[in-house]
Amino acid sequence: MAKGTPATVALEKAGVAFTLHEYKYDPGDAGVGVQAAQALGIEPARLLKTLMVRTGAANLCVLVSTDRTINLKRHAAATRAKDAALLERGAAERATGYRIGGISPFGQKKRVRTIVDRAAFGFATVMVNGGRRGLEIEVQPADLVRLLDAAVMDVT
């Protein structure tokens, strides 16, 4: 299967059960997350996209279902920040060490505060990016929160 990534190495090191899923990544598809969910045969709500958000003076990692949109005002209010904005492509890649389309919440270059949208908890397992385009990691939401020391909030 897939060659290891910093994300899979971090999960193996933590001793967490996870399953890898590969699919053909289509960078030209406007709805990459929905396309990935279709290719994997799962509901888009189970596949979480990794967004890097500048909140006040800090970068945060925010996980939301691919069929939902982050509400930056709600996010700022939930994190008690004055404002919030998505990081630009280059800034997100530099902050995480991953390429856009392959940003995983696990194994990032510098660990940042992580927020998981509450809507992700309607499933026994969810999928997050595995650290490269076309690779997803299936994990239990509780393990996701525990390993990332994430906060669960309504941000969509």
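Counting non-hydrogen atoms of other residues, nucleotides and ligands closer than 6.0 Å to CZ of R99 gives a total of 12 or fewer. The environment of CD in E88 is sparse: at most 12 heavy-atom neighbours from other residues, nucleotides or ligands sit within 6.0 Å.
In this view, P6 and Y98 satisfy the side-chain contact (heavy atoms from CB on, under 4.5 Å) rule, not counting sequence neighbours. Among residues two or more places apart in sequence or in another chain, the side-chain hydrogen bond (donor to acceptor under 3.5 Å, both in side chains) test is passed with D67 by none. Scanning for salt bridge (Lys or Arg N to Asp or Glu O under 4.0 Å) contacts around E93 gives an empty result, with sequence neighbours left out. Residues passing the side-chain hydrogen bond (donor to acceptor under 3.5 Å, both in side chains) test with T125, sequence neighbours excluded: R46, E138.
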Go through the steps for M52 and Q108 under the test side chain to side chain contact (heavy atoms under 4.5 Å, CB included), then give the verdict. CA-CA 11 Å; M52 297 305 294; Q108 291 187 2; 3.8 Å; yes
List the steps and the verdict of side chain to side chain contact (heavy atoms under 4.5 Å, CB included) for L135 and T5. CA-CA 10 Å; L135 181 65; T5 67; 4.1 Å; yes
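Scanning both residues, P141 and F121, for their nearest heavy atoms gives CB-CE2, 3.4 Å. Between H75 and I115, the closest heavy-atom pair is CE1-CD1, 3.8 Å. Smallest separation of non-hydrogen atoms from L72 and A85: CD1-CA, 4.1 Å. Here the shortest heavy-atom pairing between A81 and T55 reads CB-CG2, 3.3 Å.
In this structure, I137 and M127 have side chains that are not in contact, with every pair of non-hydrogen atoms separated by 4.5 Å or more. Contact of the C61 side chain with the T50 side chain is registered, since non-hydrogen atoms from C-beta on lie closer than 4.5 Å. Residues R132 and Y25 fail the side-chain proximity criterion, which asks for heavy atoms closer than 4.5 Å. A 4.5 Å side-chain heavy-atom check between K49 and V62 finds every atom pair outside the cut-off. Taking 4.5 Å as the limit, every side-chain heavy atom of T114 sits out of range of all side-chain heavy atoms of L60. Looking only at side-chain heavy atoms (C-beta outward), V53 and N59 stay at 4.5 Å or farther from each other. Two residues are said to be in side-chain contact when any heavy atoms from C-beta on lie closer than 4.5 Å; L144 and V126 meet this criterion.
Panel note: side chain T66, backbone P44; a donor-acceptor pair is recorded below 3.5 Å. Side chain of R54 to backbone of A57: a donor-acceptor contact under 3.5 angstrom is found. The closest donor-acceptor contact from the side chain of T8 to the backbone of G4 lies at 3.5 Å or more, if one exists at all.
Looking at E22 and R133, no side-chain N of the basic residue comes within less than 4.0 Å of a carboxylate O on the acidic one, giving no salt bridge.
No single ILVMFWY cluster, assembled from side-chain heavy atoms under 4.5 Å apart, contains both V145 and L51. Put simply, V16 and L48 are part of the same group of oily side chains (I, L, V, M, F, W, Y) that touch within less than 4.5 Å, one to the next. Residues L148 and F18 are members of one and the same hydrophobic cluster, defined by side-chain heavy-atom contacts under 4.5 angstrom among Ile, Leu, Val, Met, Phe, Trp and Tyr. Using a 4.5 Å cut-off between side-chain heavy atoms of Ile, Leu, Val, Met, Phe, Trp and Tyr, with links allowed through other members, V128 and L87 fall into different hydrophobic clusters. Cluster membership check: V155 shares its hydrophobic cluster with L86, using side-chain heavy-atom separations under 4.5 Å among Ile, Leu, Val, Met, Phe, Trp and Tyr.
Under the salt bridge (Lys or Arg N to Asp or Glu O under 4.0 Å) criterion, the residue pairs touching residues 107-131 are R68-D117, R118-D154, with sequence neighbours excluded.
Considering CD of Q38 and CD1 of I42, their distance stands at 10.5 Å, rounded to 0.5 Å. Note that the NE2 atom of H21 and the CG atom of L47 stand 10.0 Å from one another [nearest 0.5 Å].
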Donor-acceptor contacts under 3.5 Å from residues 100-107 side chains, at least two apart:
unit_1 : atom_1 : unit_2 : atom_2 : d
S104   : OG     : F106   : N      : 3.1
S104   : OG     : N129   : O      : 2.8

